[in-house]
Amino acid sequence: MLTNSEKWFTRAKQFLPGGVNSPVRSFKAVGGAPPVFQRGEGAFLFDIDGNCYIDYVGSWGPLILGHAHPEVVEAVIAAVRNGTTFGAPTPAELELAELVVEALPSIEMVRFVNSGTEAAMSAIRLARGFTGRDKIIKFQGCYHGHADMLLAKAGSGVVSFGLPDSQGVPASVTQHTLTVPYNNLAAIEEIFAQFPNEIAAVTVEPIAGNMGVVLPQPKFLSGLRKLTQQHGALLIFDEVITGFRVAFGGAQSLYNVMPDLTCLGKIIGGGFPVGAYGGKKEIMEKLAPLGPVYQAGTLSGNPVAMAAGAATLRLLKRPGTYERLEMLGQKLARGISEAAKKNGVAVYQTRVGSMLCNFFTDGEVVDYDTALTSDTQFYRRYFHGMLQRGVYLAPSQFEASFVSLAHTETEIEQTIAAMSEALAKET
Ligand SMILES: *Cc1c(COP(=O)(O)O)cnc(C)c1O
């Protein structure tokens, strides 16, 4: 007997490529058909077969308050009643801008866009316009959305020219994208020496969240700051995941390293499609209409999305938020470590506050290559074991798990118990 989700997904595959609108949702990495969701409430998701899951995906990061937070829902309804889009200035965009500037220490001015992809792509354009240089450096395993020039990682060798990761991207578009291993300052120094006065920007996830969660080593971010300054290049922090996640002021406030430009997304839209990029006035004023760098958007600063974002940030700003997320994240991580140890499963665990990852490997994970030592077949079995027990994890080893403010210690304990059982069965 097919489940409703299986029937639905079979139909969806006829009309949507892979049955999805974003590849990882298709469960390609773990096999099987994804549950099709009808409703989310707090820490829980409900599928069209009536199954309930404790959710650790949170729509890939945005839902730090959990699903359908009443205050966000009310703010959105109130905004919709006033009309959904004007393509003209509104109070809502200024309110969110002020919240962002107040929160992120390095941002003096901000431009709203509709996705993290747009934010990362536009920040690069601005950095190139500001410096008058073409080359950019990115790190292997860091994801900055799907803009052509950012769909590149290294081939072999420490310093290598970016080869496109996707068909349809001309090599001429990625030829200015230089890629190096995460946490490797020596490789960056080598590139700066090789291309003096040619590097416009170094773009980095200050905590990498798209190859699982990989933490910056102690001198890495401050080293990037120093090197970029020395060589007249801009430092861009892609905080699309980490912004408002690891601290209200993002990873930059946690590590006390100030980038020139910051990209935001996910949480900032409160569950709506929003991205943003911002930084020093001197740089941001190069944007049209003030300056020569063009970037625009019909729905940018959309009042409904701005209202959802502002309601979310106001709730996050209250005292105790990040302490609570830390407590829940720590409890979950500890429980998982113990369950793994008890069952003799090797896990390398990484965590900052409420974002965490369990790599099934016995080595350290410091970059993309070491992340790839993980046993993805084991993850696949573990993932399905958890799904059967009502825990919805990301359908890939190389993604973060997110705890929300809607989770309580009860759900965390249930999750740890489910993991204990799932691992006992697999070992
Ligand atoms: C999700 C993500 C993006 C892309 O954001 P979209 O809204 O999916 O376009 C960019 N950078 C990072 C670090 C991300 O995690």
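Every number for a ligand or one of its atoms is a count from 1 in the order of the listing.
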Ion pair check, Asp134 and Arg128, cut-off under 4.0 Å: no

Determine, for Phe130 and Lys286, whether the Lys NZ or Arg CZ falls below 6.0 Å from the six-membered ring centre while staying within 45 degrees of the axis. no

Among Phe398, Tyr382, Tyr348, which residue satisfies the ring-ring contact (aromatic ring centres under 6.0 Å, His included) criterion with Phe360? Tyr382

Which protein non-hydrogen atom lies closest to atom 9 (O) of ligand 1, naming both residue and atom, and how far is it? Thr117 OG1, 2.6 Å

The protein heavy atom nearest to atom 11 (N) of ligand 1 is Asp238 OD2, 2.7 Å

Sub-4.0 Å heavy-atom contact, Lys266 with ligand 1: yes

Should the pair Arg111 and Tyr277 be classed as cation-pi, given the thresholds of under 6.0 Å to the six-membered ring centre and 45° from the axis? no

What atoms of ligand 1 come closer than 4.0 angstrom to any heavy atom of Asn210? 12 (C), 13 (C), 14 (C), 15 (O)

Counting each atom of ligand 1 from 1 as listed, which ones have a heavy atom of Glu205 under 4.0 Å away? 13 (C)

Just checking, is any N or O donor in the side chain of Glu399 or Ser396 under 3.5 Å from an acceptor N or O on the other one? no

If the cut-off is 4.0 Å to any non-hydrogen atom of Ser115, which atoms of ligand 1 fall inside it? 7 (O), 9 (O)

Of the protein's non-hydrogen atoms, which lies at the shortest distance from atom 5 (O) of ligand 1, and what is that distance? Gly116 CA, 3.2 Å

Relative to the heavy atoms of Ile241, which atoms of ligand 1 are at a distance of less than 4.0 Å? 15 (O)

Value rounded to 0.5 Å, distance of CD1 in Ile199 from CD in Gln194: 9.0 Å

Answer yes or no: are there more than 12 heavy-atom neighbours, outside Phe86 itself, under 6.0 Å from its atom CZ? yes

Heavy-atom distances under 4.0 Å decide this one: backbone, side chain, both or neither, for His144 against ligand 1? backbone

Between the candidates Ala119, Gly145, Ala208, Gly269, which shows the shortest non-hydrogen contact distance to atom 10 (C) of ligand 1? Gly145

